[in-house]
Peer 1: 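Sharing a structure with you now.
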Protein chains: 2
Amino acid sequence: MEIQGLPGRLLADLGPAIAGGEIPEGSVLRTEELEERFRVSRTVVREAVRILESMRMVAPKRRVGITVRPKSEWDVFDPLVIRWRLAGADRAAQLRSLGSLRVAVEPAAAALAAVHASDDDRRELSALAVELTVTARAADLETFLAHDIAFHAIVLRASGNEMFAHLKDTVGAVLTGRTEHHLMPHQPRPYAVQLHREVAEAICAGDAELAERSMRTIVAGALDELNATLD
Amino acid sequence: MEIQGLPGRLLADLGPAIAGGEIPEGSVLRTEELEERFRVSRTVVREAVRILESMRMVAPKRRVGITVRPKSEWDVFDPLVIRWRLAGADRAAQLRSLGSLRVAVEPAAAALAAVHASDDDRRELSALAVELTVTARAADLETFLAHDIAFHAIVLRASGNEMFAHLKDTVGAVLTGRTEHHLMPHQPRPYAVQLHREVAEAICAGDAELAERSMRTIVAGALDELNATLD
DNA sequence: CGCTTGAATAAGTCATACCTTTGCGCGAAG
DNA sequence: CTTCGCGCAAAGGTATGACTTATTCAAGCG
């Protein structure tokens, strides 16, 4: 899935460094410098830089060098950019942005899922809702997280919208990050778990209205908690 | 802004060809073949392919070649992928997806904008709402389109969410495509124009509730019309 | 003081050689 | 006849040197 080979390694070094602000906006890199710093050939440097260019994070210019573009121009929807920002100094801002995005998208996805979900999807959602209840009560955060991610992924996919479906990994990253950085209670809130059951039931029953409302309560609550924690 | 140079040209040929299905999923390309077909060197081919790889549209494998990955794995949020799909055979599906996305995001953005918009933003929105009314009455579709794009762009930016803001170009592409392919009435619907004024007023007044509701009516209406036209 | 021109610089492109991985066929063993 | 494994060949991956092109900056000229 990742970019392989030496360009991939270069990218894995440069990307986070830029996203994390260690290489600040406006910095100018040179191909030759990167060759030496990472002990790789021009070919490799150029390919890595091309990728960063396609993410609009850098802009190569003749006679000048490779300039780091302002953050506001980056492809903020690129999964790599999101991951790098989540890993670095920008984590808080990135989580806030993603939180708002979830509030916008997930309720809509739930409503669509209530209409379009397959029978298998509905079954899986019900099962996961039960699992969430159990693992929450047992305070088994790790398993809870896995099921939570799966739950939201299925809702997104079942919406039938490819773009929503592709937010699966991003939402997963948010949930994972939240757990890893202890931005959530040690035991999942019973109310939140209850809401997941409601979403599952609503989708099973084909009740778009209710699915949307319950999902909105979930993600809005998550955003509130996030903002409260980050302040 | 675009990828420059020969790799950019290659990309501008290959990308649309893949996105448009002319090079179907599962096809296997070889570097040498591309070199000959486009009369460029290995370097150039590799850089273009690397970019396609970072969009998850192709996967190079040793001893096999460069295979075109299934559409479901592409980076559907990449601006280039969106543009290519809008230009090709996938236009209908892409427009539907983007329509749903707009329904999810733009109302949320409007609500946030009502809280976060700067005074300049509010002024501009008011002015644009007036312009929309005038150009709609005059059936000046070209100017209307430009102002419509600007209007939605400002709302997205004023939301204060960087991810929402970055959907500006995408929304612009949708609106442009809709006009160009005559998927909208010859003269903008007065009701839609009226709703834009409502959004502007609500944002100026800081009424998040109303801004969100009005915007939702706009984008939901656009989606309905789109679906009606495409069937 | 401004305009032109030229030289220096760094990216862009090409051709080539060589390395590394891996699919597949062939042959030997069971 | 089947199966296992070994080795070859094919394709991408990396390195390098030569050359091209665009662009900045400054020196020199009007």
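Because the structure is predicted, anything quoted here is derived from the model rather than measured. So you know, we letter chains A, B, ... as the sequences are listed, proteins then strands, and number each from 1.
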Peer 1: We want to know whether B/His152 and B/His196 form a side-chain donor-acceptor pair, criterion being a heavy-atom distance below 3.5 angstrom.
Peer 2: yes

Peer 1: Identify whether any heavy atom of B/Leu34 sits under 4.0 Å from a base atom; if not, whether one sits that close to sugar-phosphate; answer base, sugar-phosphate or nothing.
Peer 2: nothing

Peer 1: Taking any heavy-atom pair under 4.0 Å as a contact, classify B/Thr31: base, sugar-phosphate, or nothing.
Peer 2: sugar-phosphate

Peer 1: Using whole Å, report how far CD of B/Glu32 lies from P of C/dT16.
Peer 2: 13 Å

Peer 1: OP1 or OP2 of D/dT20 versus the side-chain N and O atoms of A/Arg63: is any pair under 4.0 Å?
Peer 2: no

Peer 1: Indicate the atoms forming the closest heavy-atom contact of A/Gln94 with A/Val81, along with that distance.
Peer 2: OE1-O, 4.5 Å

Peer 1: Can you tell me the distance, in whole Å, between the CZ atom of A/Phe38 and the C1' atom of D/dG13?
Peer 2: 19 Å

Peer 1: What's the CD-P distance between B/Glu47 and D/dG12, to the nearest Å?
Peer 2: 16 Å

Peer 1: Taking the side chain of B/Arg50 as heavy atoms from C-beta outward, which of D/dT21, D/dT14, C/dT13 is closest to it?
Peer 2: D/dT14

Peer 1: On DNA chain D, check which nucleotide each of B/Leu29 and B/Thr43 is closest to and give me the residue with the more 5' one.
Peer 2: B/Leu29

Peer 1: Starting at the 5' end of DNA chain C and moving along, which residue's nearest nucleotide shows up first, A/Val64 or B/Gly5?
Peer 2: A/Val64

Peer 1: Quick one: the side chain of A/Arg42 and the base of D/dG17, do they pair up donor-acceptor inside 3.5 Å?
Peer 2: yes

Peer 1: Rounded off to whole Å, could you give me the CD-to-P distance for the A/Glu36 and C/dA10 pair?
Peer 2: 12 Å

Peer 1: The test is side-chain contact (heavy atoms from CB on, under 4.5 Å); show your working for B/Trp84 and B/Leu11 and say whether it passes.
Peer 2: CA-CA 11 Å; B/Trp84 293 337; B/Leu11 210 60; 4.0 Å; yes

Peer 1: In whole angstrom, what separates A/Ile3's CD1 from D/dG12's P?
Peer 2: 16 Å

Peer 1: Without decimals, in angstroms, what is the distance between A/Arg46 CZ and C/dA10 P?
Peer 2: 15 Å

Peer 1: Is the side chain of A/Asp148 donor-acceptor paired with the backbone N or O of A/Leu145 at a distance under 3.5 Å, no angle test?
Peer 2: no

Peer 1: Just how far, in rounded Å, is P of D/dA10 from CZ of B/Arg30?
Peer 2: 11 Å

Peer 1: Hey, does A/Pro79 have a side-chain heavy atom less than 4.5 Å from the side chain of A/Asp169?
Peer 2: no

Peer 1: Tell me the interatomic distance from B/Glu35, atom CD, to C/dT16, atom P, rounded to whole angstroms.
Peer 2: 11 Å

Peer 1: Is A/Ser41 close enough to D/dA15 that one of its side-chain N or O atoms is under 4.0 Å from OP1 or OP2 there?
Peer 2: yes

Peer 1: Below 4.0 angstrom from OP1 or OP2 of C/dT9, is there any side-chain N or O of A/Lys61?
Peer 2: no

